[in-house]
Amino acid sequence: MTVDRVVNGIARGVFVFLYLPIVAVIVYSFNAAGTNTRFEGLTLQWYVELFQDAALMQTLQTSAIVAVITATVATIIGIMFALGIARYRGRGRASLLALIALPLIVPEIVLGVALLSVFSTTRIPLGIGTLVLGHLIVSLPLATLVLMSSAVMLDPSLPEAATDLGCTPWQTFTRVYFPLLRPAVVAAWLLSFTTSFSNIVMSTFLSGVGSTTLPLKIYSSLKTGLTPTINALGALLILLTLVIVLLVGVTQMRRILVESRG
């Protein structure tokens, strides 16, 4: 009984530690005081100022564009990698898997410096394109590993069965593979999007004039002090994340219930 109480206490402490910053961001987004050191009542002023801050909205738009492009490209390439590796049983398979996971092992700051050197040598201007390429290096291995965990569980005879039923290679992918991989595709896309949207190391080296991302904007504001509008933006992002998680969870539960009834 004592051990159970200790374990329960540790678990509750971990949950408090994890979610206390989230609660603090939401609470202080309604703080009437212009600082996070004291609370002086409730107000919606910071939400109004948030949407009036053109510079902050521009960085948010840049981060969203880069994250959407990165997540989409990483997921598409990840599907190709995952299906190819799942069906390949020859020599070098382990080495290929190691090469895919290598960017996750190498420190991101090293990758950022290396990419900056390449772009500087080739005189490629820094901007959204270089940001997408840099974020792909980090997001692509994650998307591939998520998709590969589902791809290796597929029946290897599916292509032959689909061909016998008259499916073309494209129909085999769209009507057989993709429906089976859909949960993993959604997970890989969301993981890649989150990784890109919150990335700051690659963005520090690869962002150019007019392509500052939201994490860089927030980090640079630490020198002058965080404004309450940052808390308002954080609260909205948390709300959006909860909505997406709930929608994905409800969709998955409906699919599981339908399959179980069938």
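Note that the numbering runs from 1 along the sequence shown for the chain. Everything quoted here is computed from the prediction, not taken from an experiment.
Residue V243 is not grouped with residue L60 when hydrophobic side chains (ILVMFWY) are merged at heavy-atom distances under 4.5 angstrom, including chains of intermediate members. V113 and I200 fall within a single hydrophobic cluster, where Ile, Leu, Val, Met, Phe, Trp and Tyr are joined by side-chain heavy atoms under 4.5 Å apart, directly or via other members. Under the 4.5 Å side-chain heavy-atom criterion for grouping Ile, Leu, Val, Met, Phe, Trp and Tyr, I10 is connected to Y19 within one hydrophobic cluster. Clustering ILVMFWY residues whenever any of their side-chain heavy atoms sit less than 4.5 angstrom apart, transitively, puts I105 in a cluster other than the one holding L99. Linking ILVMFWY side-chain heavy atoms closer than 4.5 Å, directly or via other members, places V14 and V6 in a single hydrophobic cluster.
Here the CG-OG1 distance, from L216 to T62, works out to 10.5 Å after rounding to the nearest 0.5 Å. Taken from CG in L214 to CE in M57, the straight-line distance is 8.0 Å, to the nearest 0.5 Å. Note that the CG atom of L111 and the CD1 atom of I137 stand 6.0 Å from one another [nearest 0.5 Å]. The distance from the CG atom of L102 to the OG atom of S95 is 11.5 Å, given to the nearest 0.5 Å. Between atom CD1 of residue I230 and atom CD1 of residue I218 there is a gap of 4.5 Å, rounded to the nearest 0.5 Å. Of the inter-residue distances, the one linking L140 atom CG with S192 atom OG reads 8.0 Å to the nearest 0.5 angstrom.
In this structure, the side chains of L115 and L133 stay at 4.5 Å or more apart for every pair of heavy atoms. No side-chain heavy atom of N31 sits less than 4.5 Å from a side-chain heavy atom of N231. Here the side chains of Q52 and T229 are not in contact, with every heavy-atom distance at 4.5 Å or above. By the 4.5 Å heavy-atom criterion applied to side chains, L233 and D53 are not counted as neighbours. Put simply, the side chain of V201 does not reach to within 4.5 Å of the side chain of V138, judged on heavy atoms.
The stretch residues 54-80 participates, sequence neighbours left out, in no ring-ring contact (aromatic ring centres under 6.0 Å, His included) pair at all. Applying the side chain to side chain donor-acceptor pair (under 3.5 Å) rule to pairs touching residues 205-218 yields nothing, sequence neighbours excluded. Residue pairs meeting the ring-ring contact (aromatic ring centres under 6.0 Å, His included) criterion with at least one member in residues 46-77, sequence neighbours excluded, are F30-Y47. Contacts classified as ring-ring contact (aromatic ring centres under 6.0 Å, His included) and involving residues 134-186 (residues at least two apart or in different chains) are given here: W170-F173.
For the side-chain contact (heavy atoms from CB on, under 4.5 Å) test with I244, the passing option among L240, L242, T241 is L240; the others fail.
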Which side-chain N or O atoms in residues 68-84 pair as donor and acceptor under 3.5 Å with protein atoms at least two apart or in another chain?
| from | atom 1 | to | atom 2 | distance (Å) |
| --- | --- | --- | --- | --- |
| T70 | OG1 | V66 | O | 2.7 |
| T72 | OG1 | V68 | O | 2.8 |
| T72 | OG1 | W189 | NE1 | 3.2 |
| T75 | OG1 | A71 | O | 2.6 |

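Atom CD of E49 has more than 12 neighbouring heavy atoms from other residues, nucleotides or ligands inside a 6.0 Å radius. Within 6.0 Å of CG in L104 there are more than 12 heavy atoms belonging to other residues, nucleotides or ligands.
Contact record, P21 with L18: CD-O, 3.6 Å, taken as the closest heavy-atom pair. Listed here is the closest heavy atom pair of Q171 and C167: OE1-CA, 3.4 Å. What you find for P215 and S63 is that their closest heavy atoms are CD-OG, 3.7 Å. Minimum heavy-atom separation, I85 to I100: CD1-CD1, 3.1 Å. Across all non-hydrogen atoms, the minimal contact from T59 to L56 is OG1-O, 2.7 Å.
For S150 (side chain) and L181 (main-chain N/O), no donor-acceptor pair under 3.5 Å exists by modelled atom type. At least one donor-acceptor pair under 3.5 Å links the side chain of S149 to the backbone N or O of V146.
Applying the ring-ring contact (aromatic ring centres under 6.0 Å, His included) criterion to F119, with sequence neighbours excluded, gives no partner residue.
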Would L126 and F205 satisfy side-chain contact (heavy atoms from CB on, under 4.5 Å), going step by step from the backbone distance to the final call?
CA-CA 9 Å; L126 300 181; F205 293 100; over 6 Å; no
